[in-house]
Amino acid sequence: MPELPEVETIACGVDERLRGDRIIQAWFSRHPRLFKTPAKNQSEGLAGRTLLGAHRTGKHIVCELGSASGPGAGDRIRRASVPEAQWIVHLGMTGRLLVTTPESPVESHTHARLCLASGRELRFVDPRRFGRLEFRDLRREAGFSGPGAEPLSIGPEAFAALFHGRQLPIKAALLNQTLLAGVGNIYADESLFHAGIRPRRQAGRLSRTEMERLRLALREVLEHAIRLGGSSVSDYVDANGVRGFFQLEHCVYRRTGEPCRRCQTPIRRILLAGRGTHYCPQCQH
DNA sequence: CATTTCACCTGGTGGC
DNA sequence: TGCCACCAGGTGAAAT
């Protein structure tokens, strides 16, 4: 479900609402594939820790956690401000993070329930179970960082270098998380439309001008989508249960046969890299 | 190594 | 209403 703008919205929501709260205990479902760190280790690792903050890296939500010392520890305030662990959430295709209370009915496909000192509960719900949950003890392992570049901050040279010499279609390159982190199917199609580039063009054969058009289009599309709270294609909601509105601005994604917003030509759909791919045959070359 | 395909899952939609 | 085929915001392993 979620790409960079949706993940950014959710991570910010979690940060604003839960920063400073403490995890009393954590419960997890019994679907081992969901857990990059075994569920038992996650429960033990999370219990008692303060949530110092949450942010996004690529499509991952990273929760920074303080020490697990109990409320009686004398130096807990100083120590609590230094991250000692991380809880890393990837939402996969259908994952959601919800802030609720223990009393609110537990939906089916709920895989994590974090009971918080404030009396609230943070839940992870994921019907298709493509999501991943991971715990890192920073005293024993490095903090999370994906290999891909951040599309919002990458400069012209580095962006062009990503695609140099590559023969795969530009859309496949945009989706490759080890090149750029956070771009998914919606924003790949939308940014290629705004840059006027066909999705099947070979990545390494784009002109310098086209590369720069694409870099700027990608950044503008992502920033615009973040301002609108992301795209709600089916049931996506942020941590407050609020839907995004960027789907109203989609120019090509899931608009097969509908008139292009710029030239009225019907939007075309093809299959590329196994994904539905949408473009305007008139505006994109 | 670079690139493509497919399995992993459940649920919604639309045709018959 | 039921059944079925097809589609879906993502990845990572296996095949080519």
Side-chain angles (χ1 to χ4, degrees), chain A residues 1-11 29-36 56-61 88-97 107-111 124-134 144 146-148 151 161-193 199-205 218 221-222 224-226 228-239 243-257 267 269-278:
Chain A
M1 136 170 123
E3 306 181 31
L4 188 151
E6 294 77 32
V7 177
E8 175 80 19
T9 303
I10 293 163
S29 70
R30 297 171 187 280
H31 293 278
R33 310 180 86 89
L34 279 167
F35 305 102
K36 219 167 163 180
R56 174 197 66 77
T57 298
K59 292 176 191 169
H60 297 263
I61 298 162
I88 301 138
V89 178
H90 191 292
L91 300 169
M93 205 86 128
T94 51
R96 283 177 295 148
L97 270 185
E107 328 183 16
S108 48
H109 309 295
T110 296
H111 300 291
F124 173 69
V125 181
D126 183 9
R128 288 176 77 176
R129 303 202 298 273
F130 288 170
R132 290 292 177 270
L133 301 177
E134 179 181 1
F144 179 86
L162 290 179
F163 306 118
H164 182 77
R166 297 194 178 267
Q167 295 188 270
L168 81 174
I170 184 60
K171 169 159 175 183
L174 289 174
L175 293 176
N176 182 339
Q177 300 295 299
T178 64
L179 296 177
L180 279 174
V183 182
N185 209 30
I186 295 177
Y187 300 100
D189 282 4
E190 292 298 315
S191 60
L192 285 168
F193 171 80
R200 280 209 234 258
R201 290 277 303 285
Q202 274 186 34
R205 291 201 178 172
L218 182 58
V221 163
L222 293 172
H224 187 189
I226 290 170
L228 295 185
S231 300
S232 289
V233 171
S234 59
D235 60 353
Y236 158 74
V237 288
D238 70 12
R243 292 169 58 89
F245 291 95
F246 189 70
Q247 67 280 8
L248 304 173
E249 316 269 321
H250 291 174
C251 288
V252 288
Y253 180 74
R254 285 221 185 176
R255 293 193 66 244
T256 312
I267 298 303
R269 180 185 188 275
I270 58 173
L271 208 59
L272 195 162
R275 322 293 305 275
T277 297
H278 317 75

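Every chain is numbered from 1, with letters handed out A, B, ... down the list of sequences. In what follows, every heavy atom counts, from backbone to side chain, and hydrogens, waters and symmetry copies are set aside.
OP1 or OP2 of C:dT11 sits under 4.0 Å from a side-chain N or O of A:Lys59. For C:dT11, the OP1/OP2 oxygens have a side-chain nitrogen or oxygen of A:His90 closer than 4.0 Å. Of the side-chain N and O atoms in A:Tyr253, one or more sit less than 4.0 angstrom from OP1 or OP2 of C:dG9. OP1 or OP2 of C:dT11 has at least one side-chain nitrogen or oxygen of A:Gln177 nearer than 4.0 Å.
Closest approach to the A:His109 side chain among C:dG9, B:dG11, B:dC9 is made by B:dG11 (side chain taken as heavy atoms from C-beta onward). You'll find that the side chain of A:Arg254 is closest to C:dA8, out of C:dA8, B:dG11, B:dC9. Closest contact between the side chain of A:Leu168 and the listed nucleotides B:dT4, B:dC8, C:dG9 involves B:dT4. Of the candidates B:dG11, B:dC9, B:dT4, the closest approach to any side-chain atom of A:Arg33 belongs to B:dC9. Checking C:dG9, B:dC8, C:dC7 against the side-chain heavy atoms of A:Arg269 singles out C:dC7 as nearest.
Computed from coordinates, the A:Ile61 CD1 to C:dG10 P distance equals 14 Å when rounded to whole Å. Protein atom CZ of A:Arg96 is 20 Å distant from nucleotide atom P of C:dA8, rounded to whole Å. C:dG10 atom P lies 12 Å from atom CG of A:Leu174, rounded to whole Å. Residue A:Glu3 contributes atom CD, which lies 8 Å from atom P of C:dG9 at whole-angstrom precision. Separating the CG atom of A:Leu91 from the P atom of B:dC9 is a distance of 18 Å, rounded to the nearest angstrom. Between the CG atom of A:Asn176 and the P atom of C:dT11 there is a distance of 10 Å, rounded to whole Å. If you take CG of A:Leu179 and P of C:dT11, they are 13 Å apart, rounded to a whole angstrom. As rounded to whole Å, 18 Å separates atom C1' of C:dG9 from atom CZ of A:Phe245.
Remark: of the listed residues A:His250, A:Glu3, A:Glu6, A:Glu6 is the sole one forming a side chain to side chain donor-acceptor pair (under 3.5 Å) with A:Tyr187.
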Item to check | Canonical and wobble pairing (Watson-Crick, G-U, under 3.5 Å) of DNA chain B, dot-bracket with | | outcome: .|||||||.|||||||

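Spacing of P atoms, B:dG12 relative to C:dT11, comes out at 23 Å, to the nearest Å. Of the P atoms belonging to B:dT5 and C:dC7, the separation is 16 Å, rounded to the nearest Å.
Relative orientation of the A:His60 and A:His90 rings is perpendicular, given thresholds of 30° and 60° on the angle between their planes. Using a 30° and 60° split on the angle between ring planes, A:His111 and A:Phe124 fall in the tilted class, from 30° to 60°.
Counting any heavy atom pair closer than 4.0 Å across all strands shown, A:Gly274 reaches no nucleic acid atom.
Contact check on A:Asp126 versus A:Arg96 returns no salt bridge, with no Lys/Arg side-chain nitrogen under 4.0 Å from an Asp/Glu carboxylate oxygen.
At distances below 3.5 Å, not a single donor-acceptor pair connects side-chain atoms of A:Asp189 with backbone N or O atoms of A:Tyr253. Of the possible polar contacts, one joining the A:Arg56 side chain to the A:Gly58 backbone as a donor-acceptor pair under 3.5 Å is found. The main-chain N or O of A:Gln202 is never found under 3.5 Å from a side-chain atom of A:Gln167 such that the two would form a donor-acceptor pair. Between the side chain of A:Glu190 and the backbone N or O of A:Val252 there is at least one donor-acceptor pair closer than 3.5 Å.
Stacking of the aromatic ring of A:Phe130 onto the base of B:dC8 is found: the ring centres lie under 5.5 Å apart and the planes are inclined by under 30°.
Between the side chain of A:Arg128 and the base of C:dA8 there is at least one donor-acceptor pair of N/O atoms closer than 3.5 Å.
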